[in-house]
Amino acid sequence: MKTQLKNKTISKKDVKLPKKLVYFFGGGKADGNESMKNILGGKGANLAEMAGHPNLRLPVPPGFTIITDVCTYYWANNRKYPPQLKAEVEKNLKKIEELTGKKFGDPKNPLLVSVRSGARKSMPGMMETILNVGLTTKTIPGLIELTNNPRFVWDAYRRLIMMYADVVMEKAAGVEVEDDMGIRKQLDRMLEEKKKEKGVENDTDLTAEDLQELAEKFKVKVKEVLGKEFPDDPIEQLWGAIGAVFASWNGKRAVAYRRIEGIPDDWGTAVNVQTMVFGNMGDDSATGVAFTRNPATGENKFYGEFLTNAQGEDVVAGIRTPYPINEDSKNEHSKNLPTLQKLMPEVYKQLEEIRKKLEKHYRDMLDIEFTIEKGKLYMLQCRVGKRNGFAAVKMALDMLKEKLITKEEAIMRVSPAQLDELLHPILDPKDEATKKPIAKGLPAGPGGACGRIVFTANDAVEWVKKGEKVILVREETNPEDIEGMRAAEGILTARGGMTSHAALVARGWGKCCIVGAGAISIDLKNRKMIVEGKEYKEGDWITLNGTKGNVYEGKIKMLDAGENKLLKDFLALCNKVRKLGVRTNADTPQDSQKARDFGAEGIGLFRIEHMFYGKNSEKPLFILRKMIVSKTYEERVKALNELFPYMKNDIKETLRVMKGLPVTIRLIDPPLHEFVPHSDDKLNALAKELGISYEELKARAESLKEANPMMGHRGVRLGITYPEITEMQVRAIFEASAELIKEGLKIYPEIMIPVVSHQKEVEFIIPIIKKVYDEVIKKTGIKKIDYKIGTMIEIPRACLIANKLAETMEFFSFGTNDLTQMGFGFSRDDSGVFIKDYIDKKILPFDPFQSIDQEGIGEFIEMTVKRGRSTRKDLKIGICGEQGGDPASVEFCHKAGLTYVSCSPFRVPIAILAAAQAEIKSRKNK
Ligand code: PEP
Ligand code: MG
């Protein structure tokens, strides 16, 4: 036995407790409200709101919430409670007793309570719940007499033993067990055996006697496995349960979840103790989970699942196929099942009304839990519901149309990561149409995923570390799988419904997920799954369509989701609000078109040298090489003239696509020797073309080598050594522009000079540009070309002399890749080796090549903006480093007063959203 619980690093003196540790709710009143999530946790705050707010006053079973600070105190004080807690709990328990007329531990009319966790931010399934607390050998007979339903009472008791043994006696006690040997699993197996023995399929088919017998056997097993009696005292049960909930805050999976979600360890969880209401009192009782709108599609349709004669855990655990609450909630598995609307029309009507009230009050989509006890409806939970990216955008737009929320709220409702989901790959419908699904499940997470089968969360993590793409296939959804779920491309479960844990978590992340694919049976031990007699082994490829719920054998081609109307409408909304411009980094007509379709307002970086890489680059690259190894001016100009038509054409096609919008074309940047060939046959061909010997060529190539090319002969420095190279590029830009202007297009080229550190460098280049401009105007006979000259800001010295650069430069563009490299002194090509250590060891919070280091590099940016604009008030300033598409960096650029950000085409929508959100946030802060 090992202990898995550690006292975290919260010291005693950090915990200052308020006077009031326990908040009551019930009977149309509440001590707390929705705004008190920090101390009451999400669940507690919303229970208070539902129970006590005059607009709501919903039927919430009375209860109380122990505040989150008590959890923090508990962990800082060797798992002890503050001394005043006991009296407060007792006082509030009394209040429940007064309201319900029942008494905790009373043999005649016993009160039973649920004990649940509830952190500030929802952590679905990560912490513990214990139901039916207060059932003992003394209270059982009373409850049987009261309910006249022995089956129900014994069922409640066996559930209490299962939960309590698992959560309090095993997990909270720090007992670590093998995957399959946990007490819960062992008791589950006993339950299954009992069903087999009785020849029944469902738990509900077991009789009172069966369950009583099972409960007795459970207690023996608990003693045998855990070495302790299951407690028969209600107060001991209550405090055991409270302690276990606090303990679960530092349970393995809760800690893992917090790491992923960035939730601080010192937040702690609240504990909610609430009167039990029973959904398992017979066929006029039920329990369910619902969303006020469909969380997968975003449609404004009430969506939910329920089970009659069941307790809450049954719906989420996927033990029985849940029933749909209405026609709209039917799916593949439930299409023939009765609905709540049919079975209990009155209760359904009441639930519909509550749905409306809640949406109006919260002005958002809510996820609710309810229980029906003998035909009476109770609300057990409500919270703002998780949704995937597609649904988030749809709901935001719908709610705006319904005038439920403002334009600004609609924009703030969608996170950049959610928007990203709309841009994610889907299965190629053509390829998919040729394949037959091997199984069908519920579409719990959108998009497509293709990967190799793994059967445990650990394997998923390990395989992904090795660079594999995996699909995590599990029997049922288990919150302990959290890290594996994160690592996998997609998740597939054989059991579970749309409200199961996997579905909830996957939806929150926008991860492709299929749950309840019933045709699949899993043989975990032998690492295989069987579908209709066919075996699929670990490592076999499968493909998921999470939007439809289809599972396919092998690989299916994936497609980019591309644009859709919803995305366009949402971006149009963002465009109305944002002040910061959004351009794209693109250097092909195709990429430019894509970015333009997404709403890019120009090109912020066209890297002229791209034409020497990749497709169709062979010919121009060969000529470029000739130019590079030229010895004389004449040789070089000859090669440049040969290169000219290629370059002009290349620039022209992108300028054409971007007609009407500015296009920043950057003069050649990389050190020339990067283009020199290495292989002998290429060197030979080049030598032949130049009419020189192989040795001579080799010597010329050698002479170009640099010890530190990133700080070598690159960028503007090339134009200073060889003005003819600049001349040729500028001529290509102007001639391409002139020809398009002649065609009647509006063309706005912006010539950008890279790697500048001194004002004299640009002052040297400007006359070359002007001279070529005059020549082109004369040659083509057009009136003018509307062009600008600007510089990259990517060397710290350039920041310092920004005021001087602005004397001649009409725009700046921050090259934050190089600026970060030179600001930190981290090589952008080699820092990958140590950056991870910097992040792991908390020296840096993130990789500054991905998100602007605001404290350091950001200071350079702010200073440059100030100095540049002190010389030229209307100086246009952009950013074209990688960070330009990172939401936090976009917000920083907005605050720093930049004119635009520029990023790769697929990040344009994200930058548009981030820019709009930055504007809304800054308005709020004013
Ligand atoms: C930069 O340095 O940020 C930049 C955009 O230029 P490159 O990445 O081409 O050096
Ligand atoms: Mg650069």
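Indexing begins at 1, ligand by ligand and atom by atom, following the structure's order.
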Exercise. Centres of the Phe824 and Phe849 rings: under 6.0 Å?
Worked result: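 Ring centroids of Phe824 and Phe849 are no less than 6.0 Å from each other.
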
Problem set entry | Within the 6.0 Å centroid threshold, strictly below: Tyr722 and Tyr633 |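 No, they do not, as the ring centres are separated by 6.0 Å or more.
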
Exercise. Arg596 and Thr584: side-chain donor and acceptor closer than 3.5 Å?
Worked result: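 Looking only at side-chain atoms, Thr584 and Arg596 do not form any donor-acceptor pair under 3.5 Å.
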
Exercise. Do Asp597 and Gln593 have side-chain N/O donor and acceptor atoms under 3.5 Å apart?
Worked result: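 Short answer, yes.
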
Problem set entry | Per-ligand residue contacts, ligand 1, heavy-atom threshold under 4.0 Å |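 Those residues closer than 4.0 Å to ligand 1 by some heavy atom are Leu605, Arg607, Arg666, Asp669, Arg714, Met792, Glu794, Gly815, Thr816, Asn817, Asp818, Arg828, Cys880, Gly881.
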
Problem set entry | Salt-bridge present (Arg666, Glu609; N to O < 4.0 Å) |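 Yes, this pair counts.
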
For this session: Before accepting this row, confirm whether a basic side-chain N of the pair Arg583/Glu601 lies closer than 4.0 Å to the acidic partner's carboxylate O.
Result: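 No, no charged N to carboxylate O under 4.0 Å.
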
Problem set entry | Atom of Glu794 closest to the Mg ion (ligand 2), considering N, O or S atoms |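 Looking at Glu794, the N, O or S atom with the least distance to the Mg ion (ligand 2) is OE1.
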
Exercise. Within Asp818, is some N, O or S atom less than 2.8 Å away from the Mg ion (ligand 2)?
Worked result: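 Within the cut-off used here (under 2.8 Å), Asp818 does place an N, O or S atom near the Mg ion (ligand 2).
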
For this session: List the steps and the verdict of side-chain contact (heavy atoms from CB on, under 4.5 Å) for Ile835 and Asp847.
Result: CA-CA 7 Å; Ile835 284 277; Asp847 181 351; 3.8 Å; yes

